Amino acid sequence: MHPVRPEFVPDPSLSQAAMEALQRDIAEAARFEDDLGFSPQGIAHSGDAPDGKQTTLRTGDGAADPPLVAGVDQAFVDDRAVSAIVVLQNGEVVERVSAVERTEIPYIPGLLSFREGGAILAAFAELETDPDVVLVDGSGRIHFREAGLATHIGVTLDVPAVGVAKNLLCGTPEQSLDETYPEGTRIPITADDSVETCPDGTVIGHALQTRQYDSPNRYINPLIVSPGHRVSAGSAAALVEATADGYKLPEPTRLADSYADEAKESVE
DNA sequence: GCGACAG
DNA sequence: ATCTTGTCGC
């Protein structure tokens, strides 16, 4: 798939001020409400799939089959970014692609999409499947200008997108994230002064405990899930919960992560 | 000036 | 994100 809003394609040569201005326009175009075409709850599971090489399967495209959920993740080799996309349906891999692009700028908190966006869009250009929703590694609405990586990609491609991060970029959790919570726990993250584009108190995402140890004194940190585009905060969390299968990360993200690692071995 | 900051 | 062996705990 290709950009539907070419004017939002991340340009790493922009000045920092121009990047921030573009993010405000993207946040303006973003819809943090459900516009999915399927129910977040209606995502079937299957047991653990085999790993390693999978043949690319293509289902006879009916109209309202189980949703196609894509996971996107990046790996790096020097100044190259390897972006991998894995698409699942019914818990089975339907397609996977990868692309390599040079990174033009360093990692700057708040401007991640200008570093990784090019590689991600290059990978999407290779993708034949049209996913119903995309799980992007990083933040969506939980961002200084409500335009994190998931929002940037979702709006540019006009595809429903969800941000799945391992750490909190900004905002305030309604309860401390330093405690141990049972699986399924959702803690709202609300906007504070660091989120300059929306009223304080707005729920911009959730900390979601997708996995937790049974009893010991060891614990797993929650995931930070936020709407990217065309998804509400509640549905974003429900989607991640529905695609998680025994691991902290949802399957699409987990498989994209390992595929990116695998693909980067083939980079000179 | 200092702190804080996805990947 | 990345550099990396062993190790603690289920």
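Here the structure is a predicted model, which is why all the values come from computation and not from measurement.
Following rounding to the nearest Å, A:Asn221 (CG) and B:dA6 (P) show an atom-to-atom distance of 13 Å. What separates CE of A:Met19 from P of B:dA6 is a distance of 17 Å, to the nearest Å. The interatomic distance linking A:Phe114 (CZ) with B:dA6 (C1') rounds to 14 Å, in whole Å. Taking atom CZ on A:Arg145 and atom P on B:dA6, their separation rounds to 14 Å, with Å as the unit. Atom pair A:Tyr247:OH and C:dC10:P shows a separation of 19 Å (rounding to whole Å applied). For A:Asp137 and C:dA1, the CG to P distance is 8 Å, given to the nearest whole Å. A:Leu111 places its CG atom 15 Å from the P atom of B:dG7, with the value rounded to the nearest Å. Straight-line distance from the CD atom of A:Glu196 to the P atom of B:dC5: 16 Å, rounded to whole Å.
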Residues 18-30 of chain A side chain polar contacts: donor-acceptor under 3.5 Å, at least two apart:
from	atom 1	to	atom 2	distance (Å)
A:Gln23	OE1	A:Arg145	NE	2.7
A:Gln23	OE1	A:Arg145	NH2	2.8
A:Gln23	NE2	A:Gly110	O	2.8
A:Arg24	NH2	A:Glu196	OE2	2.8

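Between the side chain of A:Glu95 and the backbone N or O of A:Leu127, no donor-acceptor pair lies under 3.5 Å. Looking only at distances, a side-chain donor or acceptor of A:Thr156 sits under 3.5 Å from a matching main-chain atom of A:His152. The backbone N or O of A:Leu68 lies less than 3.5 Å from a partner atom in the side chain of A:Asp132, making a donor-acceptor pair. Side chain of A:Ser235 to main chain of A:Asp34: no donor-acceptor pair is present (N/O by atom type, distance under 3.5 Å, no hydrogens or angles).
Of the candidate nucleotides B:dG7, B:dA6, C:dC8, B:dG7 has the atom nearest to the side chain of A:Glu116. Looking at the side chain of A:Arg218, the nearest of the listed nucleotides B:dC5, B:dA6, C:dG9 is C:dG9. Counting only heavy atoms from C-beta on, A:Arg115 has its side chain closest to B:dG7 among B:dC5, C:dG9, B:dG7.
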For DNA chain C, what is the dot-bracket line, given that a base pair needs Watson-Crick (N1 to N3, plus N6-O4 or O6-N4) or G-U wobble (N1-O2 and O6-N3) geometry with both distances under 3.5 Å, and | means paired with another strand? ..........
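Looking at heavy-atom distances under 4.0 Å, A:Leu223 makes no contact with the nucleic acid at all.
By the 6.0 Å and 45° rule, A:Arg230 does not stack over the aromatic ring of A:Phe32.
Contact annotation: A:Tyr107 reaches the phosphate of B:dA6 (side-chain N/O to OP1 or OP2, under 4.0 Å). Checking the phosphate oxygens (OP1, OP2) of B:dC5, no side-chain nitrogen or oxygen of A:Asn167 falls inside 4.0 Å.
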Evaluation steps, side chain to side chain donor-acceptor pair (under 3.5 Å), between A:Glu251 and A:Thr243: CA-CA 6 Å; A:Glu251 289 305 285; A:Thr243 52; over 6 Å; no
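Taking a cutoff of 4.0 Å between a charged side-chain nitrogen and a carboxylate oxygen, A:Arg96 and A:Glu126 do not qualify as a salt bridge.
Partner A:Glu146 forms a side chain to side chain contact (heavy atoms under 4.5 Å, CB included) with one of A:Thr202, A:Thr151, A:Thr197 and no other, that one being A:Thr197.
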Where along nucleotides 2-7 of chain C does protein come under 4.0 Å, by heavy atom, of base (B) or sugar-phosphate alone (S), with - for untouched nucleotides? S-----
